[in-house]
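Below, chains carry the letters A, B, ... as their sequence lines are ordered, and counting in each starts from 1.
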Amino acid sequence: MDKVYNHQKIEPKIYRLWEKSGFFNPDKSPLRQSSNKKQKSFCIIMPPPNANAPLHIGHGVGTTLQDLMIRYQRMQGKKTLWLPGTDHAGFETQVVFEKELEKQGKSGLEMNREEFFKSVWGYTQKNKKIVKKQLKLLGASCDWSREKFTLDKNIQKTVYQTLEKLWKDGLLYRGKRIVNYCPKHKTAFSDLEVKYQEEKGTLYFVKYKLKDKKDKWITVATTRPETIPGDTAIAVNPLDKRYKKLINLIAIEPITRREIPIISDKLVDIDFGTGALKITPAHDSLDFEIGQKHKLEAIETLNFDGYFNKLARPLAGLNVSQAREKSVEILKRNGSLEKEVDYLHQVGHCYKCNTKIEPMLMDQWFIAMTKPLPKTKKSLRDLAVEAVKNKKVKIVPSRFEKVFFHWMNNIKDWNISRQIRWGIPIPGYHCQDCKQSFIEINKTPKKCIYCQSKNIKKDPDVLDTWFSSGQWPFATLFSSEGIKSKDFKTFYPTEVMETGWDILFFWVARMIILGIYRTGKIPFKTVYLHGLVRDKDRQKMSKSKGNVIDPLAVIETYGTDALRMALIIGNTPGNDIIISEDKIRGYRNFANKIWNASRFVLSNLSDYDGKKPILNSRDKKILMNLKKTQKKVTANLNDFKFSLAGETIYHYFWHVFADKIIEEMKNRIRNNKNKKQAQYILYIILKDCLKMLHPFMPFVTEAIWQKLPNYQNKKTDLLMINKWF
RNA sequence: GCGCGUGUAGCUCAGUUGGUUAGAGCGUACGAUUCACAUUCGUAAGGUCUCUGGUUCGAAUCCAGGCACGCGCACCA
């Protein structure tokens, strides 16, 4: 054995050894056969990394924690499956890819749909390979024979079937609604993709003259005077005494001079501004809601390219900020502007490019979240809330359950269509005659299912990525046989979903919703939410910020085991962690400590026969203490307290075993005092420590295990599949 | 507005249902070392556990409130 642990030399060899054994595959693991018939299964579906970039250190956290659980459970003798895969990540990937093109001086617009799709496909395939290589470097013991991609044929088939089911159940509908629209990316988003930022704005108090009542007016407060040409009413609260007499009168909109009614609706906040609200159904979601109720016209004055059209007359051809300036100018000139007040408010921005989101009226596909399922009184939301409420799905840490309920209570219908090119196409069709839309997943329809017209058009949009990844837990296990497949029966519901808290709504909630809806069963029993890795300035790591740490570089310098340990210790669920090189170096030293302590023990076992000698009470006490440590580590692992488990074994190995026990036994062996007992104790503790350490630091422990003497043929070849205590 | 989190050693963070001298990594001081390991060992310095009050035999831990920072959600136009 080398004097210093050489991770660069050993880690690749060990991974090859594991892969060659085939034991990552639960069907081939020998621990399975040696256990009783009612063997429990343990399955984690890996959150699929986006196939658009190499992994960053944040992925390292998830991968490490999952591998830790998987290795521990595998050693517990369970039929253990960790299923890997990657996500095509629709919008995310398209953005990254277009940036790449830009760097090369190209543009995605030069390509037609097929060419574009093909080049992105190639791009993701390349990244998939990199991701896979990185996962292996991290020591991931996942079953590569079951690897999946969100665009695999079978996955897409499952996704389509779910879509069809939703359609047939009346939960998927085509509707013209206000959606969040990014004028730069020219696509709609769900509510989650909008980031609100506080901004200094101006609240304009605008006078609308009353028709037939000279010199009388009603004043409304608005931050968006440029939308005035889209106004189709003014609304006041029915309880507002100030305006009671004005209800049902006609006001004159001050830019294009149209006549609009004054209506009453209890959604209007009496205390805001003047208590009178201008209603622009086409460009505001509350206004749209009120407009629907009162059957108001929705005048779409803003085009999808971000410029106003001729319906906004004097503002036509201007973008939003230009139009705002111009409208204020007009209002000032004609005496309609009562006053301007500085105003701090939250403005929605595109989470990717920070462009201001425009609420726009668009035809999109929505999933009804609060509508009852056929023959039940329960909605998709109800099913998910119920599962978490009665602890069928447990969230760790539990405080996120509150957050989950809060979000669920406010949930709105989910817009799943995206006006981009990379993703799973929506199998939707629009009839040009009767103007109705429908879903058809099995064939290309020839005519409209409603009016039989042959004048139908394929929907050009793709599905929100989260709609497909929201089905990941069962889609990955379905293979081609769906709900009857063997893997699905064996491993679903899966045991743990390990992911970051930042995608609790985006992903976890949707998996619970779609999992229960499609299979009737929860997708996983426990959700473990790890913290985000942040840099020294507490910034979230992201490629666009350029502050990512490349795990490859860290692994090369300090080794995977050191990195893993640094990511586990001090990392508690739901709390973010800051990773420092010093910490990683510290655990590199620990790996070396394990190596050298083992080297010492092994070099002193040459004349030992492996038999258990009679022990005195002092030696028994030492072994009792070992048992106590095992119990503590086991309990912590069962309780998702990985940091504590890691600290416990770290402390025991270094400061009890190496510092105290080895020193004592060293003297006894040298002086030939109870030498056999000393050798026995060293051997037993080392062996057990390697087991305990293996889920944390798989490489160094396996490498040493391979050098352990094999007394009475009792040693299993690979530590990886050795039985936990 | 509603909700959540954090505040522990110089720095970054742990602290398991309240229970002896509050821990880790790095850093600091002094010393050791051909004997498994300088990626080492020993010793030490360094903490009013954010503040105030309460419950308790006992509180970093539970409760109430204050201060500071961070975050999530929300149709206040």
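- Nearest to the side chain of A/Glu647, among B/rC37, B/rU16, B/rA24, sits B/rA24.
- Taking the six-membered ring for Trp and thresholds of 30 and 60 degrees, A/His7 and A/Tyr5 have ring planes inclined between 30 and 60 degrees apart.
- In this structure, A/Trp654 atom CH2 and B/rU39 atom P are separated by 11 Å, rounded to whole Å.
- In the set B/rC41, B/rC73, B/rA36, the nucleotide with an atom closest to the side chain of A/Arg599 is B/rA36.
- In this structure, B/rG18 forms no base pair with any nucleotide, since neither Watson-Crick nor G-U wobble geometry is met with both distances under 3.5 Å.
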Please tabulate, one pair per line, all N/O donor-acceptor pairs under 3.5 Å involving side-chain atoms of residues 634-646 of chain A, not counting sequence neighbours.
| from | atom 1 | to | atom 2 | distance (Å) |
| --- | --- | --- | --- | --- |
| A/Thr634 | OG1 | A/Gln630 | O | 2.7 |
| A/Thr634 | OG1 | A/Trp724 | NE1 | 3.0 |
| A/Asn636 | ND2 | A/Lys632 | O | 3.3 |
| A/Asn638 | OD1 | A/Tyr72 | OH | 2.7 |
| A/Asn638 | ND2 | A/Thr634 | O | 3.4 |
| A/Asp639 | OD2 | A/Lys641 | NZ | 3.1 |
| A/Ser643 | OG | A/Gly570 | N | 2.8 |

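- In the set B/rU17, B/rG72, B/rA14, the nucleotide with an atom closest to the side chain of A/Lys641 is B/rU17.
- Nucleic acid contact for A/Gln346: base, since at least one base atom lies under 4.0 Å from a heavy atom of the residue.
- The side chain of A/Phe272 approaches B/rC76 more closely than any other nucleotide in the set B/rU39, B/rC76, B/rC73.
- Under the side-chain contact (heavy atoms from CB on, under 4.5 Å) criterion, A/Phe505 pairs with A/Leu192, A/Val403, A/Trp407, sequence neighbours left out.
- Within 4.0 Å (heavy atoms only), A/Tyr587 reaches sugar-phosphate atoms of the nucleic acid but no base atom.
- Pair assignment for B/rG42 gives B/rC30, based on Watson-Crick or G-U wobble hydrogen-bonding distances that are each under 3.5 Å.
- In the set B/rC73, B/rU16, B/rU40, B/rU40 carries the atom at the smallest distance from any side-chain atom of A/Lys593.
- As a whole-Å value, the separation of A/Ile411 CD1 from B/rC75 P is 12 Å.
- Under 3.5 Å, the side chains of A/Asn596 and A/Arg599 contain a donor-acceptor pair of N or O atoms.
- Under the salt bridge (charged side-chain N to carboxylate O under 4.0 Å, His left out) criterion, A/Glu199 pairs with A/Lys356, not counting sequence neighbours.
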What's touching nucleotides 26-28 of chain B from the protein side, N or O pairs under 3.5 Å?
| from | atom 1 | to | atom 2 | distance (Å) |
| --- | --- | --- | --- | --- |
| B/rC26 | O2' | A/Asp582 | OD2 | 2.8 |

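- In this structure, the ring of A/Phe404 has its center no less than 6.0 angstrom from the ring center of A/Phe400.
- Comparing B/rU16, B/rA14, B/rC37 by their nearest atom to the side chain of A/Ser643 picks out B/rA14.
- Note on A/Arg588: every side-chain N or O is 4.0 Å or more away from OP1 and OP2 of B/rC37.
- Across all strands shown, B/rA74 has no partner, as no Watson-Crick or G-U wobble contact with both distances under 3.5 Å is found.
- Here A/Lys412 lies in heavy-atom contact (under 4.0 Å) with sugar-phosphate atoms only.
- Between the side chains of A/Lys209 and A/Ser336, no donor-acceptor pair is found at a separation under 3.5 Å.
- In the model, A/Trp595 has no side-chain atom that pairs as donor or acceptor with a side-chain atom of A/Asp2 under 3.5 Å.
- Distance from the side chain of A/Asn592 is smallest to B/rC37 among B/rA36, B/rC37, B/rC75.
- Heavy atoms of A/Val220 sit nowhere under 4.0 angstrom from any nucleic acid atom.
- Toward the 5' end of RNA chain B, the nearer of the two residues A/Trp501 and A/Lys278, judged by each one's closest nucleotide, is A/Trp501.
- The residue A/Glu581 sits apart from the nucleic acid: no heavy atom pair falls under 4.0 Å.
- Residue A/Ala566 is out of contact with every strand shown, counting any heavy-atom pair closer than 4.0 Å.
- Within residues 192-203 of chain A, no residue places a heavy atom under 4.0 Å from RNA chain B.
- When the nearest nucleotides of RNA chain B are assigned to A/Arg224 and A/Val4 by heavy-atom distance, the more 5′-ward of the two goes with A/Val4.
- Base pairing of B/rC37: no nucleotide in any strand meets the Watson-Crick or G-U wobble criterion (both distances under 3.5 Å).
- Distance alone, capped at 3.5 Å, places no donor-acceptor pair between the A/Asp287 side chain and the A/Pro281 backbone.
- Using modelled atom types, one finds no donor on one side chain facing an acceptor on the other under 3.5 Å when comparing A/Glu297 with A/Thr232.
- Ring to ring, A/Phe506 and A/Trp466 are close: their centroids are under 6.0 angstrom apart.
- A/Thr219 and A/Glu338 share a donor-acceptor pair across their side chains, judged by distance under 3.5 Å alone.
- Rounded to an integer number of Å, the gap from NE2 of A/His406 to P of B/rG3 is 8 Å.
- Ring geometry for A/Tyr650 against A/His655 counts as perpendicular: the plane angle is over 60°, on a 0 to 90° scale with 30° as the lower cut.
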Can you give me the N/O atom pairs linking the protein to nucleotides 4-11 of chain B at distances under 3.5 Å, or say none if there are none?
| from | atom 1 | to | atom 2 | distance (Å) |
| --- | --- | --- | --- | --- |
| B/rC4 | OP1 | A/Lys402 | NZ | 3.2 |

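- Contacts of A/Asp287 with the nucleic acid, taken as non-hydrogen atoms under 4.0 Å apart, are absent.
- For B/rC67, the paired nucleotide is B/rG7, the pair qualifying as Watson-Crick or G-U wobble because both relevant distances are below 3.5 Å.
- Within 4.0 Å of A/Gly570, counting heavy atoms only, lie sugar-phosphate atoms of the nucleic acid but no base atom.
- Spacing of P atoms, B/rU40 relative to B/rA24, comes out at 15 Å, to the nearest Å.
- Within the nucleic acid shown, A/Thr572 comes within 4.0 Å of sugar-phosphate atoms alone, with no base atom in reach, counting heavy atoms only.
- A donor atom on one side chain and an acceptor atom on the other are found under 3.5 Å apart for A/Asp265 and A/His294.
- If you check every strand for non-hydrogen atoms under 4.0 Å, A/His651 touches nothing.
- Nucleotide B/rA24 has B/rU12 as its partner under the Watson-Crick or G-U criteria, with both atom distances under 3.5 Å.
- The CD1 atom of A/Ile662 sits 16 Å away from the P atom of B/rC35 (whole-angstrom rounding).
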